[in-house]
Amino acid sequence: MSSSSDAGFTGLEAAIVLIAFVIVAAVFGFVILQAGFTSAQQGQSVIHDGMEQAGSSCMVSGIVYGISARPGVVESFVIPVGLTAGGEPIDMATVSVRFTGPGHSNPISRSVPLADTFPKPGYWSIQERVNSDDNLLLEPGERFILNVSPEVWKDCQPYGSFAIEIKPPGRAALRVERKIPGSIERVNRLE
């Protein structure tokens, strides 16, 4: 008789162990699924932030010109900028500008006042605001004509190449790369 009661008890133990395994497997499955959902949400967040940065920058919205007051060198660059499609407004008072060429990269300071002025060497300004109110906020439908005057002119001579980087804080930089023509006039269209 003792053998039949032991066999029943062993079956009950096996059922308890089986239920415990099922519960543990369910908990592990939930933890793994939760980790996957969290990882997917973080990935979506990174993609969304990247798209926002790339889509919220400015673009060249016209022809870039080089201005020369002395023979053989372009002294300032006129760059029309506007927002990319669907872009958020940019406070131009917070934008940084950099002039780069082969072997150098120089920051360009903001003119004071920033708007409606012609910059001296080493400074940039907003020369003109088109379709704009009187603030320094570049908004959809507006266009600002920037005037950038580098302090170093070695890349501003015939056949020189340069880039001007316009970077709003927390957004993608606009890089304007151009070449100086072989013959420099007072006003030069830069391709």
Side-chain angles (χ1 to χ4, degrees), residues 1-62 64 77 79-112 114-115 124-126 129-146 148 161-178:
M1 250 197 192
S2 66
S3 67
S4 67
S5 68
D6 285 343
F9 188 70
T10 305
L12 182 60
E13 286 178 341
I16 291 172
V17 169
L18 180 63
I19 291 171
F21 278 132
V22 169
I23 291 173
V24 169
V27 169
F28 280 136
F30 176 75
V31 168
I32 290 171
L33 285 174
Q34 189 64 29
F37 288 140
T38 303
S39 176
Q41 286 174 341
Q42 288 174 347
Q44 287 176 346
S45 174
V46 168
I47 290 170
H48 178 71
D49 290 345
M51 292 295 289
E52 185 175 304
Q53 271 191 358
S56 299
S57 194
C58 56
M59 65 178 184
V60 175
S61 64
V64 177
F77 302 94
I79 306 169
V81 296
L83 291 178
T84 55
E88 296 177 13
I90 295 173
D91 182 3
M92 295 303 285
T94 63
V95 169
S96 64
V97 176
R98 182 169 291 279
F99 182 79
T100 62
H104 71 87
S105 179
N106 300 340
I108 306 289
S109 301
R110 282 186 292 276
S111 290
V112 177
L114 182 57
W124 71 276
S125 69
I126 301 170
R129 294 175 276 192
V130 180
N131 296 333
S132 173
D133 40 21
D134 287 336
N135 61 24
L136 298 176
L137 201 61
L138 179 60
E139 299 170 303
E142 296 179 347
R143 184 167 66 154
F144 286 4
I145 312 298
L146 305 184
V148 179
S161 63
F162 66 93
I164 296 173
E165 294 177 358
I166 302 165
K167 177 145 182 21
R171 300 186 190 184
L174 169 63
R175 185 172 171 90
V176 181
E177 296 181 11
R178 296 290 188 271

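Only this structure's heavy atoms are used, side chains among them; waters, hydrogens and symmetry mates stay out. Being a predicted model, the structure only gives us computed values, none of them experimental.
Of all heavy-atom pairs between S57 and A172, the closest is OG-O, 2.5 Å. The nearest pair of heavy atoms linking R171 to E88 is NH1-O, 3.0 Å. Listed here is the closest heavy atom pair of P140 and P89: CD-CG, 4.4 Å. The two residues L83 and G87 come nearest to each other via the heavy atoms CD1-O, 3.7 Å. The two residues R143 and G62 come nearest to each other via the heavy atoms NH1-CA, 4.3 Å. Looking at every heavy atom in both residues, F144 comes nearest to I126 through CD2-CD1, 3.8 Å.
No donor-acceptor pair under 3.5 Å is formed between the side chain of R178 and the backbone N or O of V64. S111 places a side-chain N or O within 3.5 Å of a backbone atom of W124 that can act as its donor or acceptor partner. A side-chain donor-acceptor contact under 3.5 Å links T100 to the backbone of A163.
Between F77 and F99, the ring planes are parallel. Angles under 30° get that label, and only those over 60° would be called perpendicular.
In this structure, CD1 on I79 lies 3.5 Å from CD1 on I164, to the nearest 0.5 angstrom. For the atom pair NZ of K167 and CG of L174, the computed distance is 11.5 Å after rounding to the nearest 0.5 Å. We find the CE-CG distance between M92 and L136 to be 8.5 Å, quoted to the nearest 0.5 Å.
Residues passing the salt bridge (Lys or Arg N to Asp or Glu O under 4.0 Å) test with E139: none are found, sequence neighbours excluded. Every residue two or more places apart in sequence or in another chain was checked for a salt bridge (Lys or Arg N to Asp or Glu O under 4.0 Å) with E142, and none qualifies. Annotation: salt bridge (Lys or Arg N to Asp or Glu O under 4.0 Å) contacts of R129 (sequence neighbours excluded): D116.
Just one of I90, I145, L146, V95 meets the side chain to side chain contact (heavy atoms under 4.5 Å, CB included) condition when paired with V81; it is L146.
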